[in-house]
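The block underneath contains the structure these notes are about, expressed in structure tokens.
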Amino acid sequence: MKDNEQYFQTVLNHTSDLLLIVDRNRHIIYATPNLYDFTGYRLEDLKGVDAFVAVHQEDKEFMMHRHKHLLDSKKSNSTEYRYVKKDGEVRYFECKTTPLPDTENYLQVVSVRDNTERKQMEMELEHHKKRHEVLQNSLKNYSHDLTSVMKLADLEARMIEELVTILPGSNPMIVKAFPEKITKGGTELSDGKIVSISNRIFIKIGEREQRPYILSIQASAIHEAMESIWLETLAHYSMMVFENLNMIESLMHQLETASHRKETPQWVLRMMFNLQEQQRLTLSSDLHDTVLQDQIDLYRRLESLLHSYEIEKEAKTKLIDIEQGLLDIIHEIRVTCNNLRPPLLRELGLASSLENLFEHIQVTSTYRISFNSGDLSGIVLSEEQTIGIYRIVQEFLHYAEEGSKANQVTFDLYYEKDLLLMQYRDDGIGDSSLSDHIRLTSITQRAQSLGGKMEITSNEDSGLIAALEFPIHLERSFL
């Protein structure tokens with residue numbers, strides 16, 4: 001029996017939990033030796049004192065209500081609460097209380113565990129989660145608002161507003177010259193990268209009029225790694241808008257300069273013709289997939305009707321005429337689709353596609369076409385160049401019929417020193433004023449859009465001669 005008591009006392013002396021026995025008035029009858037470690041109080045300090053005396057003020061009312069419910073229900077329960085140690089430190093305790101209703105003065109056994117570290121970790125995780133949500137929503141709203149920003153002043157105002165809201169005390173400002181600390185220290189300030197010097201953070205957003213555009217905030221406003229990532233992301237969003245605003249300003253300047261010179265910039269011509277090709281492609285697809293298929297369906301139904309039933313001769317003749325008319329319409333729609341978007345242009349290549357075009361035009365045209373092509377197998381043309389030159393040839397063919405009234409048309413196409421050269425000749429009406437013809441103006445603009453040029457020679461005796469040259473390596477940018 002004595003040995004059992006020693007074992008029991010050994011367990012109580014080394015348990016990690018605090019074990020208490022209290023009466024109905026919450027006076028401590030017994031406590032394990034680790035009472036001091038848990039509370040900072042010794043047992044004699046708490047003799048005759050309510051055990052809730054050091055419970056955190058905000059949790060005391062709840063604990064009083066819980067204790068009364070426990071005595072009334074006579075059932076064990078567990079709860080968490082905050083406890084203020086003797087030195088003022090606040091700890092998070094979890095306790096399980098088991099009532100002993102049949103004992104004198106209604107004793108209760110209380111097992112207390114210190115969960116402060118776990119609770120702090122949970123609160124830290126919850127804080128990080130909420131902070132992450134705030135930063136994520138901030139970037140979402142910021143990127144959405146940037147879609148309506150059209151001026152640099154608007155970008156500055158929106159950027160400053162977001163920084164002040166998300167990073168209190170950041171004191172954001174826009175710097176338009178490299179700070180002296182950066183230039184003297186030899187620090188490289190590249191676009192979008194955070195550079196911290198002394199108590200300030202600098203991020204270069206871009207350059208404007210050969211001067212840097214730098215965002216600067218108070219370094220102490222950044223407390224967590226996720227906030228640095230948020231700041232970098234915000235800066236990258238701002239950089240994209242800043243670059244677009246600079247580009248728009250540059251485009252507006254080019255347009256203004258071009259309007260004074262009464263000329264159209266190459267990038268405008270390229271964009272205009274590319275949009276035209278997209279519209280032609282869409283229209284060709286729509287015609288082929290809707291109108292053409294409907295006409296083919298009507299034709300087949302009519303053909304089936306003529307072969308399936310005995311029809312009076314006069315009515316059958318009229319139906320046959322309608323059938324032939326449908327065939328003509330189907331043919332015209334197919335021709336229109338082919339003109340809107342030449343089939344197999346990319347697969348066949350420019351020279352073969354032009355040969356197919358000339359064969360088709362020659363059937364209905366009033367002039368003869370002669371086509372001479374050099375070896376073009378060694379060059380690679382982009383889709384834009386191929387369709388652009390093809391359209392130029394189409395315009396020349398329209399001009400030959402409408403403008404020059406030619407009887408003979410000749411095309412020469414060959415490659416020389418990174419240039420694709422084309423010469424058009426006809427024996428039609430020659431007149432220097434024809435250079436202003438709408439078809440020739442369109443050809444000139446097409447050539448300019450491809451980085452090329454055209455020279456026209458026209459007189460009454462020899463008709464029109466047009467020499468065109470196109471660089472093979474077309475610059476892809478519209479600017």
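Excluded from the calculations below are hydrogen atoms, water molecules and symmetry mates; all remaining heavy atoms, backbone and side chain alike, are included.
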Inset, instruction - Salt-bridge test for Arg91 and Glu117: reply yes if a basic N is under 4.0 Å from a carboxylate O, no otherwise. - result: yes
Legend entry - Pairwise side-chain contact, Gln445 with Met454, heavy-atom cut-off 4.5 Å (strictly under): no
Legend entry - Note: Arg158-Asp154 ion pair, threshold 4.0 Å (strictly below): no
Inset, instruction - Determine whether Thr39 and Lys86 make a side-chain contact, defined as any pair of heavy atoms from C-beta on separated by less than 4.5 Å. - result: no
Legend entry - Nearest heavy-atom neighbours spanning Gln385 and Ser382: OE1-N, 2.9 Å
Inset, instruction - Compare all side-chain heavy atoms of Leu421 with those of Phe470 and state whether any distance is below 4.5 angstrom. - result: no
Inset, instruction - Kindly give the heavy-atom pair with the smallest separation between Val112 and Val110, and that separation in Å. - result: CG2-CG1, 3.7 Å
Legend entry - Closest heavy-atom pair and its distance - Leu163, Ser170: O-OG, 3.4 Å
Legend entry - Shortest non-hydrogen contact between Tyr81 and Cys95, atoms and distance: CE2-SG, 3.7 Å
Inset, instruction - May I ask you to test the Arg200-Met173 pair for a side-chain heavy-atom distance under 4.5 Å? - result: yes
Legend entry - Glu122 with Arg118: basic N within carboxylate O range, under 4.0 Å: yes
Inset, instruction - Could you label the plane-to-plane angle of the His67 and Phe52 rings as parallel, tilted or perpendicular, counting under 30° as parallel and over 60° as perpendicular? - result: perpendicular
Legend entry - Arg131 and Glu227 ion-paired at < 4.0 Å: yes
